[in-house]
Amino acid sequence: MLEASSPDGSARFLVRGQDGSDPERNLELVAHGVEDATPLMAAVSYAQPAGSERMLLVPVLQGCFGPAASYVRLPCFAEEGWTAAEPVSVGLDSVRDAATVRHSVRASLNETTRDAWREVRALISDVGLCHVIDEEPR
């Protein structure tokens, strides 16, 4: 449906829809050149039909096969006005507020993305955010 790439081509963001009557969209983040076991994190912002803006954090981790990829749900996605930041290494304090993390973890659609969140959890220093990641359904 929609596709964007990072300036250097190392990350691709693919927005997909179910069908014309279903407003829900999904995002696949594919990162090339990820060689270590440290997760990367991309921020995706988009407008919602009600006019508000939503930000999701999308972690990506090199898996067993192929390039690193994550798959997330974009609740109430409006096609115009979305942005995605190039994935960067996750540091001790690189994860944002609890509400953003909660929405982001809930948006995970596959085990690879949930594995990436587990790895992010191991790297962050904020105990409250670790609890938020732990309490979300897997």
Side-chain angles (χ1 to χ4, degrees):
M1 188 172 154
L2 299 170
E3 182 175 344
S5 295
S6 62
D8 65 1
S10 64
R12 287 182 45 217
F13 300 87
L14 305 151
V15 177
R16 298 185 174 135
Q18 304 298 322
D19 63 33
S21 64
D22 186 358
E24 184 163 300
R25 302 291 182 254
N26 299 323
L27 173 90
E28 182 177 13
L29 165 58
V30 180
H32 298 278
V34 178
E35 298 186 10
D36 60 15
T38 303
L40 301 177
M41 182 81 71
V44 176
S45 297
Y46 61 93
Q48 296 181 303
S52 61
E53 184 171 282
R54 163 84 41 107
M55 175 186 283
L56 290 179
L57 301 173
V58 183
V60 62
L61 183 66
Q62 180 61 51
C64 296
F65 306 102
S70 287
Y71 197 49
V72 298
R73 180 181 309 105
L74 299 174
C76 301
F77 179 79
E79 293 179 24
E80 296 150 9
W82 71 284
T83 61
E86 187 171 349
V88 296
S89 295
V90 175
L92 288 175
D93 297 307
S94 62
V95 179
R96 303 212 169 106
D97 64 277
T100 300
V101 171
R102 183 173 290 109
H103 291 302
S104 300
V105 175
R106 284 181 185 163
S108 300
L109 284 173
N110 62 8
E111 197 59 33
T112 303
T113 308
R114 288 185 281 274
D115 284 345
W117 272 113
R118 289 181 195 105
E119 292 298 321
V120 167
R121 187 219 180 277
L123 293 173
I124 59 176
S125 60
D126 186 316
V127 175
L129 289 178
C130 290
H131 180 70
V132 168
I133 293 169
D134 288 342
E135 73 183 13
E136 288 310 311
R138 302 278 175 186

Tell me if a side-chain donor or acceptor on S70 pairs with a main-chain N or O of L29 at a distance below 3.5 Å. no
Just verifying a value: how many Å separate E135 CD and C130 SG, rounded to the nearest 0.5 Å? 11.5 Å
Mind checking whether R54 and P75 have side chains closer than 4.5 Å, heavy atoms only? yes
Once you round to the nearest 0.5 Å, how far does CZ of R118 lie from CG of L123? 14.5 Å
Heavy-atom pair of closest approach, residues L61 and T38: CD1-C, 4.0 Å
Are side-chain N/O atoms of D115 and T112 paired as donor and acceptor at under 3.5 Å? no
Within the 4.5 Å heavy-atom criterion, are V132 and V105 side-chain neighbours or not? no
Determine whether a donor-acceptor pair (N or O, by modelled atom type, separation under 3.5 Å) exists between the side chain of S104 and the backbone of T100. yes
What pair of heavy atoms forms the shortest contact from A107 to L56, and how long is it? CB-CD1, 4.0 Å
If the plane angle is over 60° it's perpendicular, under 30° parallel, otherwise tilted; pick one for W82 and F13. perpendicular
Would a single hydrophobic cluster contain both L129 and M55, if residues Ile, Leu, Val, Met, Phe, Trp and Tyr are joined by side-chain heavy-atom contacts under 4.5 Å? yes
Apply the test side-chain contact (heavy atoms from CB on, under 4.5 Å) to residues F77 and N26: give CA-CA distance (whole Å), side-chain angles for both, the deciding distance (0.1 Å), then the verdict. CA-CA 9 Å; F77 179 79; N26 299 323; over 6 Å; no
For R73, does its backbone N or O pair with a side-chain atom of R106 as donor and acceptor, under 3.5 Å? no
Do the non-hydrogen side-chain atoms of L57 and V120 ever get within less than 4.5 Å of each other? no
With a 4.5 Å heavy-atom cut-off, do Y46 and L27 have their side chains touching? no
Taking L74 as the starting point, is it possible to reach L14 by hopping between hydrophobic residues whose side chains are less than 4.5 Å apart? no
Test: E28 and R12 ion pair at under 4.0 Å: no
Heavy atoms only: give me the nearest R114-S108 pair and the separation to one decimal. NH1-O, 3.5 Å
Scanning both residues in full, the closest heavy-atom pair of H32 with G9 reads CD2-O, 4.3 Å
To the nearest 0.5 angstrom, please state how far the CZ atom of R102 sits from the CG atom of D97. 9.5 Å
Do R25 and L2 touch side chain to side chain, with heavy atoms closer than 4.5 Å? no
Could you tell me which non-hydrogen atom of A42 sits nearest to which non-hydrogen atom of A85, and how far apart they are? CB-O, 3.3 Å
Are the side chain of Y71 and the backbone of E111 linked by a donor-acceptor contact shorter than 3.5 Å? no
What are the two closest heavy atoms between V60 and A69, and how far apart are they? CG2-N, 3.5 Å
